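A note on names: the letters A, B, ... follow the listed sequences, proteins ahead of strands, and every chain is numbered from 1. Everything quoted here is computed from the prediction, not taken from an experiment.
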2 protein chains.
Amino acid sequence: MNTSKKNYHHGDLTASLLNAASQIIEEQGVEGLSMRKLADTVGVSRTAPYHHFKDKNALLCALAEKGFQQQAQRLLALRTQKEGASVQLFAAYVHQYLDDAIQHKETYDLMYGRTLWKTGKPNASLKVASKHTFKCWIDWVEVLQKDSVLPSDNTPLRIGQTTWASLHGLARLFIDGIYLDQSDLTQMKEQMIRQLCVSHLPCT
Amino acid sequence: MNTSKKNYHHGDLTASLLNAASQIIEEQGVEGLSMRKLADTVGVSRTAPYHHFKDKNALLCALAEKGFQQQAQRLLALRTQKEGASVQLFAAYVHQYLDDAIQHKETYDLMYGRTLWKTGKPNASLKVASKHTFKCWIDWVEVLQKDSVLPSDNTPLRIGQTTWASLHGLARLFIDGIYLDQSDLTQMKEQMIRQLCVSHLPCT
DNA sequence: TTGATATGTTGACAGTGTCAAGATAGGTTT
DNA sequence: AAACCTATCTTGACACTGTCAACATATCAA
């Protein structure tokens, strides 16, 4: 059929490839993933994967897409979780976002790195998934603005863009190995929260 | 001699390689640079460059180092330039930093990308150069704190780290092709400045 | 002149992504 | 049941990559 591959020769190569690729990337990064090695780990010949993914790029897009879906779900969960003040929820999100990004460095890099967005061509469905994730973020930003957590001197889009850019930048510095001191991270996260929130400098 | 290569066979291969490589990278990015093509453009055989650079990595490090030196000089120039209020100077720097990063995307990526810092091993002298550039930044941050442009609720190091991370994040989003709308950039830069500066919310 | 050393060359090896041509196995149609 | 189509997998091949080893030569010092 179309969607569900039955036991042809391998079983379910599509899924096996995605799983193996995901693991290799988590361990060695995108640079460590080669189609040939991947095929070898799964136990098929070099070109077998090309019957399931047009390209190496297509495989990576599919992988990244899964990451975006997970992140979108996490964002939605946060919005519904109404217990606790918004400020603390936001602070918790910042911590979570960065911890998560750093714990899964390589996946984060796959999702937001130039391998997919610049060098390769992002898939149509990958674009959709990432835009949806971003929309979830913007929606939450709007709420945070109403709760006076984030500044209201601009549209939710702009505030969402710049605040996210800040988080992204911090994440990248650690992920790319420019900053390495994990001990700095905690303090930087807290400073970043102060920088982003309205309550940054309490007016009297 | 040691430093100045005279007219041996080629003339000055070291410099020629750096120039050609720099140009290729500006045009096609790091991914578009291959040692073989580079040697070909310069007009030598494939392995000739290896007598001037131990590695492809070493060549890239040398290239990035030049970038850091330029940036450090620009930072120093800003600090001595005392005309105009500090706030406006800082705003101008933010604009310049991002415009420059985006205009020379590929060089920026070389300097701060994972190609050098994560995948490859950054040179000893590259580390020195980048640290020096960063120190220039921190020194200026200290001044900006005293001028009440940047917040003083933390050390110059921390403030410097987080503010720079924000700029870096914004730069990366455009460089990596995640954001493409140049028209958004102007507004995002201005919002970012507001986010970073103390005057963000004027206290009455 | 005699070396030493810096610089350049060709040949080779292992690795990469991916196309083309052929084999086979599964499901569908007659 | 036989015939056929198509999804899947295979081997072979090509052009590309970084870089090592061995060899050639040009330049400078003794």
Side-chain angles (χ1 to χ4, degrees), chain A residues 1-21 24-25 28-63 110 113-116 118-123, chain B residues 1-21 24-25 28-63 110 113-116 118-123:
Chain A
M1 283 297 130
N2 237 337
T3 51
S4 68
K5 312 280 160 54
K6 300 284 163 56
N7 294 31
Y8 264 63
H9 304 70
H10 173 90
D12 195 347
L13 230 195
T14 313
S16 295
L17 287 170
L18 286 175
N19 287 335
I24 293 178
I25 286 179
Q28 319 182 33
V30 211
E31 302 89 352
L33 177 74
S34 92
M35 292 298 269
R36 295 168 102 110
K37 272 194 331 191
L38 173 62
D40 210 50
T41 16
V42 171
V44 292
S45 72
R46 300 146 263 155
T47 57
Y50 286 87
H51 291 269
H52 300 260
F53 299 97
K54 172 185 163 288
D55 257 344
K56 184 180 188 178
N57 183 64
L59 196 161
L60 295 179
C61 283
L63 229 41
L110 176 67
R114 62 162 23 206
T115 309
L116 248 44
K118 180 83 199 299
T119 309
K121 296 277 169 216
N123 228 348
Chain B
M1 283 298 129
N2 236 338
T3 50
S4 68
K5 312 281 161 59
K6 299 286 162 56
N7 294 32
Y8 265 64
H9 304 72
H10 177 273
D12 195 346
L13 231 195
T14 312
S16 296
L17 288 171
L18 286 176
N19 287 336
I24 292 178
I25 286 177
Q28 319 182 33
V30 212
E31 303 89 352
L33 178 75
S34 91
M35 291 299 268
R36 295 170 101 110
K37 272 195 328 190
L38 174 62
D40 211 50
T41 345
V42 172
V44 291
S45 70
R46 301 146 264 157
T47 57
Y50 287 86
H51 289 271
H52 300 260
F53 300 96
K54 172 184 161 288
D55 256 345
K56 183 180 189 179
N57 184 63
L59 196 162
L60 295 179
C61 283
L63 229 41
L110 176 67
R114 62 163 23 204
T115 309
L116 247 45
K118 180 85 199 299
T119 310
K121 295 277 168 218
N123 227 350

All N/O donor-acceptor pairs, side-chain side in residues 40-50 of chain A, below 3.5 Å, sequence neighbours left out:
unit_1   : atom_1 : unit_2   : atom_2 : d
Thr41(A) : OG1    : Lys37(A) : O      : 2.7
Thr41(A) : OG1    : Leu38(A) : O      : 2.8

Lys/Arg-Asp/Glu bridge criterion (N-O < 4.0 Å) met for Arg114(A), Glu31(B): yes

Using modelled atom types only, decide if a donor and an acceptor are shared between the side chain of Lys121(B) and the backbone of Asn57(B) within a distance under 3.5 Å. no

Look at the side-chain N and O atoms of His52(A) and state whether any lies under 4.0 Å from the OP1 or OP2 oxygen of dA7(D). no

Does a nitrogen or oxygen in the side chain of Ser45(A) sit under 4.0 Å from OP1 or OP2 of dC9(D)?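 Answer is no, no contact under 4.0 Å.
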
Could you state the atom-to-atom distance from [atom1] of [X] to [atom2] of [N] in whole Å?
| X | N | atom1 | atom2 | value |
| --- | --- | --- | --- | --- |
| His51(B) | dA6(C) | NE2 | P | 11 Å |
| Leu33(A) | dG17(C) | CG | P | 7 Å |
| Glu31(B) | dT17(D) | CD | P | 14 Å |
| Phe53(A) | dG17(C) | CZ | C1' | 16 Å |
| Tyr50(A) | dG12(D) | OH | P | 18 Å |
| Lys56(A) | dG15(C) | NZ | C1' | 12 Å |
| Lys54(B) | dC20(D) | NZ | C1' | 13 Å |
| Met35(B) | dT9(C) | CE | C1' | 16 Å |

Looking at dG8(C), dT18(C), dT19(D), which one has an atom nearest to any side-chain atom of Asp55(A)?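 That would be dT18(C).
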
From the options dG18(D), dT18(C), dC20(D), select the nucleotide whose nearest atom is closest to the side chain of Thr47(A).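 The answer is dT18(C), which lies nearest to the side chain.
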
Any N/O donor-acceptor pair, Arg46(B) side-chain to dG8(C) base, under 3.5 Å: no

Contacts to DNA chain C from residues 36-44 of chain B, heavy-atom cutoff under 4.0 Å, which residues? Arg36(B), Val44(B)

Looking at every non-hydrogen atom in both residues, tell me the closest pair between Ala62(B) and Phe53(B) and how far apart they are.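 It is CB-CE2, 4.0 Å.
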
Which atom pair, heavy atoms only, marks the closest approach of Leu59(B) to Ala21(B)?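 Scanning both residues completely, I find the closest heavy atoms to be CD2-CB, 3.8 Å.
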
Which distance, rounded to the nearest 0.5 Å, do you find between the CG of Leu17(A) and the CE of Met35(A)? 7.5 Å

Heavy-atom side-chain contact between Leu116(A) and Val30(A) under 4.5 Å: no

